[in-house]
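Input: a single structure, listed below in structure tokens.
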Amino acid sequence: MSHKKHRTLFIFGTRPEAIKLCPVVNHLRSRPEFEVSVCVTAQHRALLDQVLAVFEVVPDFDLDLMLPNQTLSQSTSRIVAGLEPVLRSAHPDMVLVQGDTTTTFSGALAGFYQKIPVGHVEAGLRTWDIWQPFPEEMNRLLATRLATLHFAATDWAAGNLYREGVPAERVAVTGNSGIDAVLYVRDKLEQGKLHGLDWPQLDPSRKLIVVTAHRRESFGEGFERICAALARLSERPDVQIVYPVHPNPNVQAPVRRHLTGRPNVLLVDPLEYVPFVDLMRRAWLLITDSGGVQEEGPSLGKPILVLREKTERPEAVQAGTVKLVGTDTECIVREATRLLEDRPEYDRMSRIHNPYGDGHASGRIADLIISFLTTSSSQIFR
Ligand code: UD1
Ligand code: UDP
């Protein structure tokens, strides 16, 4: 008896979506029940292509939409319009989106317009403040309303969805597929089957601080304060800072202005995923406003100072390995200094734990898609 394949279309556009969806794409491709296609909006270009290359994912559709210093309205409208003909020609049984970017929201909206059920990976994250992170909190709220199947990484995220009235049978806790990616790379690095960079510039006797920051709500004064803190920390002789700088011009300008030429600060282009995971493994401490880095740090046993006032990922804060420091210069310097000088405090914050997943989210997501698409209840969503 021949079975019809489940046609799934992945839509993504930025680096973090690609890191978290490529493991799912490759898992579905390994299973005979699926016919998989991939559409990239290329909301990011270079950052996205770096990830596609690592996971050997070749998109079936590439909208190539990135503009320099694009506005939110530009990206949203161009993505929604660009996806319409793709969805019409691919007519998948299900669209899959991930996270909370402009591509996530626009992809879910475009799927809804074509009456195609949408599966939302990493559903249910919330800060309950629509301005932090901006516009991601609104993007994830809207994605929840547009989606039919919700893959929550944790029980906490699933609980948020139940409380908003999302039917329980449409919500599943799968773990975060980003943890599939980071644990895979970590294990291969440990086994010597993957390799990072050599970093001849780094002095192993100094404590390495790895920094990333790019959030829109910190543009302007927030970035000035973050850079001032990094400049202060770089004056310590026992410290070295490596900062792969996000290509967004609102990030590049203040970072280059404050930190270029400082002897203990290495400003580098965004790193490919494997060298970046390797660099995090070598770090004493991570300072970041990234969602993904906040999730990866605990799996690598690294303490993290988060450059935000609110996080949608409270699990590691509750476990004591992540601390919110906002963008206040004094607070960043104080907390980083504590982790450089207070060994018991450092040890308390350096525990390996995996609150966000066990590395097997992709398989669970695949099983749930099959079960949804083979039950008659899915018919009403087409
Ligand atoms: C986007 C997401 C954010 C996510 C981040 C991950 C939105 C609203 N924001 O923010 O949630 O955390 O990606 O990195 O979706 N640029 C390049 N090359 C690239 C990528 C970006 O030059 O490969 C520059 C371009 O000038 C571009 C600008 O960065 O216009 C901003 O890109 P955009 O995707 O709009 O926002 P991000 O700040 O990257
Ligand atoms: N990352 C990377 N190279 C870098 C910096 C980050 O590969 O130079 C990875 C990081 O490991 C994580 C993801 O990019 O998986 C996070 O992306 P980003 O911070 O851009 O977005 P966010 O997670 O905040 O949405």
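All ligand and atom numbering here is 1-based and tracks the order in the structure.
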Subject >> Joint cluster assignment, V36 & F151, ILVMFWY side-chain distance < 4.5 Å >> reply: yes

Original post:
Polar-atom distance check: H246 versus ligand 2, any N or O pair below 3.5 Å?
Top reply: no

**OP:** Can you pull out the closest protein heavy atom to atom 1 (N) of ligand 2? Residue, atom name and distance to 0.1 Å, please.
**Re:** F276 CD2, 3.5 Å

Subject >> Basic-acidic side-chain contact under 4.0 Å: K188, D278 >> reply: no

Subject >> Parallel, tilted or perpendicular: rings of W128 and W156 (30°, 60°) >> reply: perpendicular

**OP:** Can you pull out the closest protein heavy atom to atom 14 (O) of ligand 2? Residue, atom name and distance to 0.1 Å, please.
**Re:** R15 NE, 3.3 Å

Subject >> D64/R45 ion pair, N-O < 4.0 Å >> reply: yes

Original post:
Given L67, T101, L72, which has its nearest heavy atom closest to atom 30 (O) of ligand 1?
Top reply: L67

Subject >> Other residues, nucleotides, ligands: >12 heavy atoms within 6.0 Å of E221 CD >> reply: no

Original post:
Closest non-hydrogen protein atom to atom 13 (C) of ligand 2, residue and atom name please, with distance?
Top reply: I19 CD1, 3.7 Å

Original post:
What residue and heavy atom of the protein are closest to atom 7 (C) of ligand 1, and at what distance?
Top reply: Q43 NE2, 3.5 Å

Original post:
Backbone or side chain, does any N or O of T103 fall under 3.5 Å from an N or O of ligand 1?
Top reply: no

**OP:** Check whether V185 and V54 end up in the same hydrophobic cluster, where Ile, Leu, Val, Met, Phe, Trp and Tyr are linked by side-chain heavy atoms less than 4.5 Å apart.
**Re:** yes

Original post:
Among protein heavy atoms, which lies nearest atom 24 (O) of ligand 2, and at what distance?
Top reply: G291 N, 2.9 Å

Original post:
If you measure from each non-hydrogen atom of E136 to ligand 1, which part falls under 4.0 Å: side chain, backbone, both or neither?
Top reply: side chain

**OP:** Pick one of side chain, backbone, both or neither for how P249 approaches ligand 1, counting any non-hydrogen atom pair under 4.0 Å.
**Re:** side chain

**OP:** Using distance alone, determine whether H246 and ligand 1 share an N or O pair under 3.5 Å.
**Re:** yes

**OP:** Select the closest option to atom 26 (O) of ligand 1 among L47, N139, D49, N69, judged by heavy-atom distance.
**Re:** N69

Original post:
Less than 3.5 Å between some nitrogen or oxygen of Q70 and one of ligand 1, yes or no?
Top reply: yes

Subject >> Residue and atom name of the nearest protein heavy atom (relative to atom 8 (O) of ligand 2), distance in Å to one decimal >> reply: L271 N, 2.8 Å

Original post:
What residue and heavy atom of the protein are closest to atom 25 (O) of ligand 2, and at what distance?
Top reply: P16 CG, 3.4 Å

Subject >> For P92, the option from V86, L9, I11 that meets side chain to side chain contact (heavy atoms under 4.5 Å, CB included) >> reply: L9

**OP:** To the nearest 0.5 angstrom, please state how far the CG atom of N139 sits from the OG1 atom of T76.
**Re:** 7.0 Å

Subject >> Exercise: identify the closest heavy-atom pair between L194 and L189 >> reply: O-CD2, 3.5 Å

**OP:** Any atoms of ligand 2 less than 4.0 Å from a non-hydrogen atom of R215? List them with their elements.
**Re:** 24 (O)

Original post:
Counting only heavy atoms not in E56, do more than 12 fall under 6.0 Å of its CD?
Top reply: no

**OP:** For ligand 1, note which part of P133 has a heavy atom under 4.0 Å away: side chain, backbone, both or neither.
**Re:** neither

Original post:
Thinking salt bridges, do D93 and R7 make one under a 4.0 Å N-O criterion?
Top reply: yes

**OP:** Return yes when P135 approaches ligand 1 closer than 4.0 angstrom through a heavy atom, no otherwise.
**Re:** yes

Subject >> Residue pair H360 / D180: nearest heavy atoms and the distance that separates them >> reply: N-OD1, 3.2 Å

**OP:** Before signing off on this row, confirm whether V293 and ligand 2 have an N or O atom pair separated by under 3.5 Å.
**Re:** no

Subject >> From the candidates M66, R15, M138, H44, the one that places a heavy atom nearest atom 18 (N) of ligand 1 >> reply: M66

Subject >> For A283 against Y346, the heavy-atom pair lying closest together >> reply: O-OH, 4.5 Å

Original post:
Nearest protein heavy-atom contact for atom 23 (O) of ligand 2: which residue, which atom, what distance?
Top reply: G292 N, 2.7 Å

Subject >> Protein residue, atom and distance nearest to atom 8 (C) of ligand 1, heavy-atom basis >> reply: T102 OG1, 3.2 Å

Original post:
Nearest protein heavy atom to atom 11 (O) of ligand 2, by residue and atom, and its distance?
Top reply: E296 OE1, 2.7 Å

**OP:** State plainly whether the residues E122 and R140 are in salt-bridge range, i.e. N to O under 4.0 Å.
**Re:** no

Subject >> Distance filter under 4.0 Å to P270 heavy atoms, resulting ligand 2 atoms >> reply: 8 (O)

**OP:** State plainly whether the residues R15 and E272 are in salt-bridge range, i.e. N to O under 4.0 Å.
**Re:** no

Original post:
atom 36 (O) of ligand 1: which protein heavy atom is closest, and how many Å away?
Top reply: R216 NH1, 3.3 Å

Original post:
If you measure every N/O of S290 against every N/O of ligand 2, is any gap under 3.5 Å?
Top reply: yes

Original post:
Is it the side chain (CB and beyond), the backbone, both or neither of Q50 that lies under 4.0 Å from ligand 2, heavy atoms counted?
Top reply: neither

Original post:
Closest non-hydrogen protein atom to atom 31 (C) of ligand 1, residue and atom name please, with distance?
Top reply: N248 ND2, 3.3 Å

Original post:
What do you reckon, is CZ of R145 surrounded by more than 12 foreign heavy atoms closer than 6.0 Å?
Top reply: no

Subject >> Nearest protein heavy atom with distance in Å, relative to atom 5 (C) of ligand 1 >> reply: H214 CE1, 3.6 Å

Subject >> Note, H246 side chain near T212 side chain (heavy atom, < 4.5 Å) >> reply: no

Subject >> Y184 atom OH, over 12 foreign heavy atoms within 6.0 Å >> reply: no

Subject >> Atoms in ligand 2 with a heavy atom of P244 nearer than 4.0 Å >> reply: 8 (O)

Original post:
Is T14 in polar range of ligand 1, meaning some N or O pair under 3.5 Å apart?
Top reply: no

Subject >> Proximal ligand 1 atoms for A46, defined as those under 4.0 Å from one of its heavy atoms >> reply: 23 (O)

